[in-house]
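Below: one structure, written as structure tokens.
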Amino acid sequence: MLARNANDYHNAASIQYGIPMSNANEKRQAGEAAIRYVEDGAIIGVGTGSTVAFFIDALADLKDRIQGAVSSSEQSTAQLKKLGIPVLDLNTAGPLTIYIDGADECDPHKRLIKGGGAALTREKIVAAASQKFVCIIDPSKRVDLLGKFPVPIEVIPMARSLIGREIVKRGGQPVWRDGVVTDNGNWIIDVHGWQITDPAALESELNQLPGIVTVGLFARRPADVVLIGEHEM
Ligand code: 5RP
């Protein structure tokens, strides 16, 4: 379903990701607060999700002052285009100054779990291409230890069982997100049961496994700024 506006989008996202509607206000505040990081003439890296949908809505008011956006998903692309914000290709846009995205969990070191919306691969690419990563969350996403939210992993379809066994060896319980195909044509495994004391080490280790495209741990390159509602962490 395509968004008609941020609220419609939020409803759709809430159903798809099981997001409590009670957090809509803080998501909106975070999305709108991120506008202060948008500079005139910039190309903005844009993430995915219901919090980002509020950011995109607010960005539309500034569309004549920016060059455009590099999008991390078909979902965000559709919303950006609908609001008349030019969507640019990362290869031609070059390095970006700023990336705005949500998260499923955020620890005190600004390390994240992402990928609840299955857009983790393009999100990680755009984050890596950006000088500053501003993460926008509601307070429910703050944790001391990452892992209560299952870690999404994008896998090449033929490697699903192989990766599942590798996860079990590492103490996780893999659950295939049945029916979900990513924008890149791949599948998602959600890993339950990990209490992640060293997220950067786990991210590096999993990155080595053939068949894994992207691990939804953003620890090697954490966020630079985290906005919880309108407050900076
Ligand atoms: C999508 C993501 C989102 O940023 C994450 O799922 C948070 O979404 P929301 O803002 O809807 O709570 O990583 O892949």
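First listed ligand is number 1; within each ligand, the first listed atom is number 1.
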Could you list which atoms of ligand 1 come closer than 4.0 Å to a heavy atom of [X]?
X: Ala103; value: 4 (O), 5 (C), 7 (C)
X: Ala119; value: 14 (O)
X: Asp104; value: 5 (C), 6 (O), 7 (C), 13 (O)
X: Gly116; value: 6 (O), 13 (O), 14 (O)
X: Thr48; value: 1 (C), 2 (C), 3 (C), 4 (O)
X: Lys27; value: 9 (P), 10 (O), 11 (O), 12 (O)
X: Gly49; value: 11 (O)
X: Asp101; value: 4 (O)

**Report entry** Residues Arg170, Glu205: salt bridge by 4.0 Å N-O rule
**Finding:**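 Yes, Arg170 and Glu205 are salt-bridged.
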Query raised in the report: Hey, looking at atom 1 (C) of ligand 1, which of Gln75, Lys114, Glu123, Arg122 has the closest heavy atom?
Result: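 Residue with the shortest heavy-atom distance to the ligand atom: Glu123.
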**Report entry** Any Trp187 side-chain heavy atom under 4.5 Å of Val181 side chain
**Finding:**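 They are in contact (side-chain heavy atoms under 4.5 Å apart), so the answer is yes.
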Query raised in the report: Is it true that Gly47 lies under 4.0 Å from ligand 1, counting heavy atoms only?
Result: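 Gly47: no contact with ligand 1 (<4.0 Å).
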Query - For Leu112 against Ala223, the heavy-atom pair lying closest together - result: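 The answer is CD1-CB, 4.2 Å.
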Query raised in the report: Which pair of heavy atoms, one from Ile136 and one from Ala34, lies closest together, and at what distance?
Result: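 Taking every non-hydrogen atom into account, CG2-CB, 3.7 Å.
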Query - Partner of Glu154 by side chain to side chain contact (heavy atoms under 4.5 Å, CB included), out of Ile212, Ile189, Val215, Asn186 - result: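 Single pass found, and it is Asn186.
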Query - Pro152, portion touching ligand 1 at heavy-atom distance under 4.0 Å - result: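 Neither; no heavy atom under 4.0 Å.
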Requested in this report: Classify the side-chain pair Ser50/Lys27 by whether it contains a donor and acceptor separated by less than 3.5 Å.
Outcome: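 Note: Ser50 and Lys27 side chains meet the donor-acceptor criterion.
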Query raised in the report: In this structure, are over 12 heavy atoms from other groups packed under 6.0 Å from Arg142 atom CZ?
Result: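 Atom CZ in Arg142 is packed in, count exceeds 12.
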Requested in this report: Please check if atom NZ in Lys110 has more than 12 non-hydrogen atoms from other residues, nucleotides or ligands closer than 6.0 Å.
Outcome: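 Yes - once you tally the heavy atoms of other residues, nucleotides and ligands closer than 6.0 Å, there are more than 12.
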Requested in this report: Would you check whether Val52 has a nitrogen or oxygen atom less than 3.5 angstrom from a nitrogen or oxygen atom of ligand 1?
Outcome: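 It does not: no N or O of Val52 is found under 3.5 Å from an N or O of ligand 1.
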